[in-house]
Amino acid sequence: MRSWSIPVGRLFGVDVRLHLTFLLLPMFVFWMDYSAHQGNANGSHDMALVAIILACVAAHEAGHMLAARRMGMVPKAVILLPLTGVTLYDESRLEKPQPAALLWKREIRLALVGPIISLALGAFFAGVLIAIGRGGELGKWPFLQAANLPKSLVWANFYLAALNRMPAYPLDGGRRAVSISNAIAMVLMLAGLFSDNWLTMIGVIVFSAAQLEERALVFQSVLDTVRLEEVMLTDFATLSPADTLEDALEKAVHSLQDDFPVVRGGDMVGVISKQHILDALRAEGNGYVQAVMNKIFEVSLRQDSLGSAFRKLTTRNSGLIPVVEDQRLIGIVTLQNLMHSMSLLAESRKLRRDESES
């Protein structure tokens, strides 16, 4: 899902990204206004309604992020979709592993926070309208329209609270419910053809997000179940700490690797990247690998999962994880090789699953 979004700023220190499907919303709002007023759409009011919906979604997701932080989770990014949002968390920085029962409780509590925030905001703005004598218009159809922005501010929050109780991803009520999401999306799109066009819009969003989530689930399955011995590179180049940087660069030129284990005898003593070799040569001239190699590095065992290696690579911003057995180097996993293997394995599993369902 992240690859289908663009950065737009930060919220509480967390990257905020706008999903490309959000571009559907201004077009949809303009078309609804155009149809309702026989071609006399108010462009500024339409964009104001889009901004209201975006702000309501952002407030909804802010509630999730703040609650997650209280539970020890670290939000990495929030992706805003037209009528909902998705918060991505840094699972490698959880305070400690938790039992499945506690994880389910945490998920339920997180799922409830967003709708509660939306309900509270909707009730607050409704109270403001009632206090200034405009409460009578709150119950008039249509509830969400560019022609009445104050009323839309109330109902946008109420709609978000109601929608996010549905058991469909990416709504709060549907974490991991991809199959249900597809069915609900179809029902919403069909219902919208005969009643409220907003239902069609919601159905399109739910269906699009469910397809992205399905791919994410397949990737997660690969991360959790595939072991490093199934994907590690066993034919790889090594360097010696006694190699000069010029000799090391010459070896690197003839290798597809970007990162190299440094081995003395049978022991691995460091790692160094091709870029680090170049930087050292430019800064200090020719020297020895031992002087510039990274002597602090993570290692993995052959039975470790891809997920554990991926977390080590991303947490330490490293390009290589050595795989050892009995303190002996038997393979390496690089970020490039890991992503390539994950992609192939994910496609293979998806194809096998599609064949079994057909």
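For the numbers below, each heavy atom of this structure counts, side chains included, while hydrogens, waters and symmetry mates do not.
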Pairs in or reaching into residues 4-13: which pass salt bridge (Lys or Arg N to Asp or Glu O under 4.0 Å), with residues at least two apart or in two chains?
R10-D15
Validation row: V78, R17 side chains within 4.5 angstrom (heavy atoms):
no
If we only count heavy atoms from C-beta on, is the V57 to L81 side-chain gap below 4.5 Å?
no
Should side-chain heavy atoms under 4.5 Å link Ile, Leu, Val, Met, Phe, Trp and Tyr, which residues sit in the same cluster as L23?
none
As a quick check of understanding, evaluate side-chain contact (heavy atoms from CB on, under 4.5 Å) for L163 and I202, giving each step before the final call.
CA-CA 9 Å; L163 288 171; I202 296 167; 3.5 Å; yes
Taking only residues two or more places apart in sequence, or in another chain, which ones meet F125 in a ring pair (Phe, Tyr, Trp, His ring centres under 6.0 Å)?
none
Could you go through the side-chain contact (heavy atoms from CB on, under 4.5 Å) check for F22 and L18 one step at a time?
CA-CA 7 Å; F22 207 97; L18 201 65; 3.8 Å; yes
Not counting sequence neighbours, which residues clear side chain to side chain contact (heavy atoms under 4.5 Å, CB included) with L66? List them please.
F12
Counterpart residues, side chain to side chain donor-acceptor pair (under 3.5 Å), relative to S300 (two or more places apart):
K312
Using the ring pair (Phe, Tyr, Trp, His ring centres under 6.0 Å) criterion, which residues pair with F158? Sequence neighbours excluded.
W155
Please step through side-chain contact (heavy atoms from CB on, under 4.5 Å) for the pair Q145 and M32, ending with a clear verdict.
CA-CA 8 Å; Q145 59 175 331; M32 289 283 289; over 6 Å; no
Residue pair V269 / K295, side-chain heavy-atom distance below 4.5 Å
no
Hey, what else clusters with V187 if you join Ile, Leu, Val, Met, Phe, Trp, Tyr whenever side-chain heavy atoms sit under 4.5 Å?
none
Across all chains, not counting sequence neighbours, the side chain to side chain contact (heavy atoms under 4.5 Å, CB included) partners of S255 are A237, Q257, F260
I132, CD1: over 12 other non-hydrogen atoms inside 6.0 angstrom:
yes
Quick one: do H19 and S5 satisfy side chain to side chain donor-acceptor pair (under 3.5 Å)? Show the steps, please.
CA-CA 4 Å; H19 198 265; S5 61; over 6 Å; no
Grab the two heavy atoms, one from A309 and one from I321, that are nearest each other, plus how far apart they are.
O-CG1, 4.2 Å
Hey, could you give me each pair passing salt bridge (Lys or Arg N to Asp or Glu O under 4.0 Å) that has a residue in residues 119-142? Not counting sequence neighbours.
R134-E137
Would you please say whether a donor-acceptor pair under 3.5 Å links the side chains of D247 and T244?
yes
Under the side-chain contact (heavy atoms from CB on, under 4.5 Å) rule, what do T234 and I330 come out as? Steps first, then yes or no, please.
CA-CA 7 Å; T234 54; I330 60 171; over 6 Å; no
Which pairs count as side-chain hydrogen bond (donor to acceptor under 3.5 Å, both in side chains) when at least one residue sits in residues 273-285, sequence neighbours excluded?
Q275-D279
Taking CZ in F143 as the centre, count heavy atoms belonging to other residues, nucleotides or ligands within less than 6.0 Å. Is the count above 12?
yes
Is any side-chain heavy atom of L188 closer than 4.5 Å to a side-chain heavy atom of T200?
no
Under 3.5 Å, is there a donor-acceptor pair between the S44 and N42 side chains?
yes
Within a 6.0 Å radius of atom OH on Y34, are there more than 12 heavy atoms belonging to other residues, nucleotides or ligands?
no
Kindly indicate whether the side chain of V323, heavy atoms from C-beta on, has any atom under 4.5 Å from the side chain of M232.
yes
Other members of the hydrophobic cluster containing F236, with the 4.5 Å side-chain heavy-atom rule, please.
L233, V263, M268, V271, F297, V299, L301, L320, V324, L329, I332
May I have the list of side-chain donor-acceptor pairs in residues 46-53 shorter than 3.5 Å, sequence neighbours left out?
none

